[in-house]
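Here the structure is laid out as C-alpha cells; the discussion comes afterwards.
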Amino acid sequence: MIWQVLAAIPPGKVATYGQVASLAGVSGAARLVGRCLSQLPADTRLPWFRVINASGKISFPVGSDGYKRQVKRLQDEGVAVLNGRISLTTFRWQPDGAC
DNA sequence: CCGCTGACTTTCG
DNA sequence: GCGAAAGCCAGCG
C-alpha cells in the first residue's frame with residue numbers, strides 16, 4: 001500500500017508521512033510509513049524522496065548521506081530545498097479534488 | 001509477554 | 001518556534 005501511494009505522488013510535489021499514511025489507509029501510522037521507507041532498497045524506483053515530515057523538512061540529519069541523496073533527487077524533480085526545508089514554492093501533494 | 005526504539009504527527013504550554 | 005507527552009505500527013531482545 002505504502003509503495004502504491006509513493007508511486008501515486010506526482011513529480012515536483014511532496015507529501016508528508018501523515019498524508020501517505022492516511023492515503024495508505026493507516027491514518028495516524030506515520031511511523032509505519034517511515035519504517036517502511038527505511039526498509040526500501042537503495043536501488044528502488046519508488047520516489048521515497050518525495051516524502052517529508054510535517055515540518056516540511058527532510059527526516060534525515062542535515063549533511064547526512066541519505067539527506068544529500070534525497071535533496072539531489074528532489075532538486076532533480078524540480079523541488080527547491082532551502083535551509084534544509086522544502087521551499088514554499090513547492091506545493092504539497094494533495095488528493096485530486098482537494099483544494 | 002513486556003519494553004525499547006524508530007525516515008512521524010498533533011496538541012498544549 | 002520549541003520542548004514535552006500521547007498516539008500510532010512493526011521489529012527485536
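Since this is a predicted model, take the numbers as computed values, not measurements. Below, chains carry the letters A, B, ... as their sequence lines are ordered, and counting in each starts from 1.
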Using whole Å, report how far [atom1] of [X] lies from [atom2] of [N].
{"X": "A:Ile52", "N": "B:dA7", "atom1": "CD1", "atom2": "P", "value": "17 Å"}
{"X": "A:Lys57", "N": "C:dC2", "atom1": "NZ", "atom2": "C1'", "value": "10 Å"}
{"X": "A:Arg92", "N": "B:dT9", "atom1": "CZ", "atom2": "P", "value": "10 Å"}
{"X": "A:Leu37", "N": "C:dG11", "atom1": "CG", "atom2": "C1'", "value": "16 Å"}
{"X": "A:Leu40", "N": "C:dA10", "atom1": "CG", "atom2": "C1'", "value": "15 Å"}
{"X": "A:Tyr17", "N": "B:dG6", "atom1": "OH", "atom2": "P", "value": "15 Å"}
{"X": "A:Arg50", "N": "B:dA7", "atom1": "CZ", "atom2": "C1'", "value": "17 Å"}
{"X": "A:Leu32", "N": "B:dA7", "atom1": "CG", "atom2": "C1'", "value": "12 Å"}

Exercise. Please report the C-alpha distance between A:Asp76 and A:Lys72 in whole Å, then the side-chain angles of each, then the deciding distance to 0.1 Å, and finally whether the salt bridge (Lys or Arg N to Asp or Glu O under 4.0 Å) criterion is met.
Key: CA-CA 6 Å; A:Asp76 188 46; A:Lys72 188 181 180 70; over 6 Å; no
Quiz item: Is there a path of hydrophobic side-chain contacts, each under 4.5 Å between heavy atoms of I, L, V, M, F, W or Y residues, that connects A:Phe91 with A:Ile52?
Solution: no
Quiz item: From B:dT9, C:dC9, B:dA7, pick the nucleotide closest to the side chain of A:Asn53?
Solution: B:dT9
Quiz item: Considering only side-chain heavy atoms of A:Arg35, which listed nucleotide, B:dT10, B:dA7, B:dG6, is closest?
Solution: B:dG6
Quiz prompt | Atom P, compared across C:dG7 and B:dA7: separation rounded to whole Å | solution =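 Approximately 22 Å lies between the P atom of C:dG7 and that of B:dA7.
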Exercise. Would you please name every residue forming a salt bridge (charged side-chain N to carboxylate O under 4.0 Å, His left out) with A:Arg35, sequence neighbours left out?
Key: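 None.
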Quiz prompt | Residue closer to the 5' end of DNA chain C, A:Gln39 versus A:Gly28 (nearest nucleotide) | solution = A:Gly28
Practice problem: Indicate yes or no: at least one non-hydrogen side-chain atom of A:Arg50 is less than 4.5 angstrom from one of A:Glu77. | Solution: yes
